[in-house]
There are 4 protein chains.
Amino acid sequence: MGRPSNSEERRQQIVAGLLRIMAERGYERASVAEIARAAGLSPGLVHYHFKDKQEILLTLVEQLSARVRERVAARLARVKAEDARARVDAFLEAFLATGADADPAAVASWVTISAEAIQQPEVRAIYEKVVREDLEHLEELVGAVTGKRRARTVAAGLFAAIQGYFVLAASVPGLVPPGSAVGTVKRMAAGLLDAAQPPEEA
Amino acid sequence: MGRPSNSEERRQQIVAGLLRIMAERGYERASVAEIARAAGLSPGLVHYHFKDKQEILLTLVEQLSARVRERVAARLARVKAEDARARVDAFLEAFLATGADADPAAVASWVTISAEAIQQPEVRAIYEKVVREDLEHLEELVGAVTGKRRARTVAAGLFAAIQGYFVLAASVPGLVPPGSAVGTVKRMAAGLLDAAQPPEEA
Amino acid sequence: MGRPSNSEERRQQIVAGLLRIMAERGYERASVAEIARAAGLSPGLVHYHFKDKQEILLTLVEQLSARVRERVAARLARVKAEDARARVDAFLEAFLATGADADPAAVASWVTISAEAIQQPEVRAIYEKVVREDLEHLEELVGAVTGKRRARTVAAGLFAAIQGYFVLAASVPGLVPPGSAVGTVKRMAAGLLDAAQPPEEA
Amino acid sequence: MGRPSNSEERRQQIVAGLLRIMAERGYERASVAEIARAAGLSPGLVHYHFKDKQEILLTLVEQLSARVRERVAARLARVKAEDARARVDAFLEAFLATGADADPAAVASWVTISAEAIQQPEVRAIYEKVVREDLEHLEELVGAVTGKRRARTVAAGLFAAIQGYFVLAASVPGLVPPGSAVGTVKRMAAGLLDAAQPPEEA
DNA sequence: CATGAATGAGGCTTCATTCAT
DNA sequence: AATGAATGAAGCCTCATTCAT
């Protein structure tokens, strides 16, 4: 019997390496050699564990997505299942409370990934998948408050605000008053969900 | 004697070339040769009119910014100076009504630029400048409704929502219900500005 | 009848431009555009007055040579025709008294030209011509002291010392004690010419 | 595991390639592709082993310097430690006996390097270092004959003569009577060291 | 004579990927 | 699994030279 596979651990290291380098250099400028160095591995090993550079990126997208979902799940677990309104806020908090402020590298990478998704079909595919899933999750939570009516539109708006905060936080550090993102988005949610509903526009 | 300068015209063509190519390939993958071809010029000429590739990008940032400001100015011109509330909506419309839907290449480029701003200091500098100016403009308009209190925070939230819509529109076409962006952000503004103000959180 | 030709003046400016740029950048790195700028002219004009870049260089070689010959002639004119020994010293002074110390750009250019002569046949041709002529001149002056015997060898040695001082002065400023070159070479000449002659080696 | 490093061997090959090409084309015209071809390697590999083209040049400077020092050491080893006068001659022989005549490529490269030192600060730095060290060595040897008095000046003169012979030998083959360099410089040394000392000039 | 735009070749360098060990 | 050398294709940029005006 050979030695136990450490493939999963190596892949983990490499993905972490990409996260770090991509946050400061972007995807195209993150060379495989640099990623390997950041991971403490040799360049050749990267292609032993990944078909190509893009596969690392795709894996990173899924990991970042999984991470945020864990945070969402954790927050939802602390909220009563019947309190539909609080569940929406929990979702928003999961994305913004720790996200924008606490893990700049992840945010920077995420924004970079969003831009890559525009141009690389395979990145777009997976990016679209996780975004749609998250958005649908939020839509569900919103729908529990409003009924299906307008749930999609409201969810999209709140989701957009979240993504926008990511962009601004990553691109112009210091622009957004620290800690203000969660509160503001929650207030946006309040305006969209709790106020007397304005008539649907055409 | 000599020949009349056509530098400005050439620079225009080249910047337009970058816009086009960058929208489909991203900045790093937009080769100078391709940009030149898109502009109908020879590769060498690009560097006759621009110091380097980055200078084209910086010029593009300024142009895109100038374009949206014209739209803002145009919309504001149609609104009574005293109607502070309507002026906020005019600003939002200027960014979203034509922006996200009508000019996909510009939106895609803008999102790409946002990501580049994270990594390239010189891009960040100009990106930050134009973003700050636009945000301050919005803050002013918001302040005319709310007083200075919370104007910054509210403006940042609305601006984030706009940027987020850009990202989603560019990265996942079809995700955002067409035409819904303006209405939703205006409703966010309504929620933040017109409703009974919730107490400021810590 | 057209306007009077200013060709000669323009050529002069351009050659002076090359001298300046070449002293700080070397020949290959001295771009025609830069030369033109240093000359206060437009790039196109350079090729109107010179066939190509090399022709400027060849012209410069001749000019530098002409300049030093004027200095030689001037010094010789002040020395009695019969004083063969003094005439040798006058020659050495003409090369070193003002040369190494007073006109660093000319010295730097001359050293650069010596290196170019190794690789460019056409440069070598003219370089060789002027060097041979100068060397023969010195040989003649030396021969008037020693007789033909060993005149060539002695002249070559003194000439080498001069060239070597140029190299050292240009490449390592501060290495040669200022003002020491002339004196030392004259003392070398004294050693070779005035001392009891050692027997010729094989 | 892995493969044994052969970097040092490859670097050797590449430096040798530069030496060969530079001797016939000069530094700027020695393209990396040509250097690689001369070394029997692929172009990309050159930059795997060297940061850039200049680093190859800097390495070459050190190697040429090391080579001549070995020759100096070898000659000095054959001379009695007390015979200060003979030690000076040994130094001169080490530079000229085999140098100017036996290895034209090395001499041509050295002259080219001297010219590059004028223009490239990093080349100058290392060139200056090795030249100063060699000159100081000679100064020491000379000082053992004359006492400190004038050692610097005399050493500089002899060193200049050596460099000058290199230039003339490389730029105008056939100009210097073959084999005459060593003898002449040694006679210069004799003149400067053995003759009744002329009074120091100001 | 003069200008400055235009061309196109070529140079240095980077880099994803492959491969011998 | 792992190493690090090797390859070859681009990419950005520079530049001598030409040419329309």
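Below, read A as the first sequence line, B as the second, and so on, with proteins coming before strands; counting in each chain starts at 1.
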Base versus backbone protein contacts along nucleotides 10-17 of chain F [heavy-atom cut-off under 4.0 Å; B, S, -]: --SBBSSB
Residues forming a side-chain contact (heavy atoms from CB on, under 4.5 Å) with Ala36(D), sequence neighbours excluded: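 Val46(D).
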Work out how far the C1' atom of dT21(F) is from that of dC1(E), and round it to whole angstrom. 13 Å
State the CE-CD distance between Met22(D) and Glu28(D), to the nearest 0.5 angstrom. 11.0 Å
Ignoring hydrogens and angles, tell me if any N or O in the side chain of Ser65(D) forms a donor-acceptor pair with the backbone of Val61(D) under 3.5 Å.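 A pair under 3.5 Å: no.
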Pairs touching residues 33-42 of chain C that satisfy side-chain hydrogen bond (donor to acceptor under 3.5 Å, both in side chains), sequence neighbours left out: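 For residues 33-42 of chain C: Arg25(C)-Glu34(C).
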Any residue meeting ring-ring contact (aromatic ring centres under 6.0 Å, His included) with Tyr127(D), in chain and number order, not counting sequence neighbours: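 Listed in chain order: Trp110(D).
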To the nearest Å, give me how far apart [atom1] ([X]) and [atom2] ([N]) are.
{"X": "Glu8(A)", "N": "dA1(F)", "atom1": "CD", "atom2": "P", "value": "11 Å"}
{"X": "Ile21(A)", "N": "dC15(E)", "atom1": "CD1", "atom2": "P", "value": "12 Å"}
{"X": "Phe50(A)", "N": "dA16(E)", "atom1": "CZ", "atom2": "C1'", "value": "15 Å"}
{"X": "Ile35(A)", "N": "dT14(E)", "atom1": "CD1", "atom2": "C1'", "value": "14 Å"}
{"X": "Gln13(B)", "N": "dA5(E)", "atom1": "CD", "atom2": "P", "value": "13 Å"}

NZ/NE/NH1/NH2 to OD/OE distance under 4.0 Å, Glu116(D) and Arg29(C):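 Salt bridge between Glu116(D) and Arg29(C), a charged N being under 4.0 Å from a carboxylate O: yes.
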Basic-acidic side-chain contact under 4.0 Å: Glu55(B), Arg11(B):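 Looking at Arg11(B) together with Glu55(B), the answer is yes, because their closest N to O distance falls below 4.0 Å.
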What's the closest nucleotide to the side chain of Ser42(B) if the choices are dT3(E), dA6(E), dG4(F)?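 Side chain of Ser42(B) sits closest to dA6(E).
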Taking only the side-chain nitrogens and oxygens of [X], find out if one of them lies under 4.0 Å from OP1 or OP2 of [N].
{"X": "Ser5(D)", "N": "dA5(F)", "answer": "yes"}
{"X": "His49(D)", "N": "dG4(F)", "answer": "no"}
{"X": "Asn6(D)", "N": "dA6(F)", "answer": "yes"}

Applying the Watson-Crick and G-U criteria (both distances under 3.5 angstrom) with [ ] for crossing and | for other-strand pairs, one obtains for DNA chain E .||||||||||||||||||||
Distance only, no hydrogens: is a donor on one side chain within 3.5 Å (strictly under) of an acceptor on the other, for Gln119(D) and Thr112(C)? yes
Taking distance alone, no hydrogens or angles, what donor-acceptor pairs closer than 3.5 Å link side-chain atoms of residues 14-21 of chain D to residues at least two apart or in another chain?
none

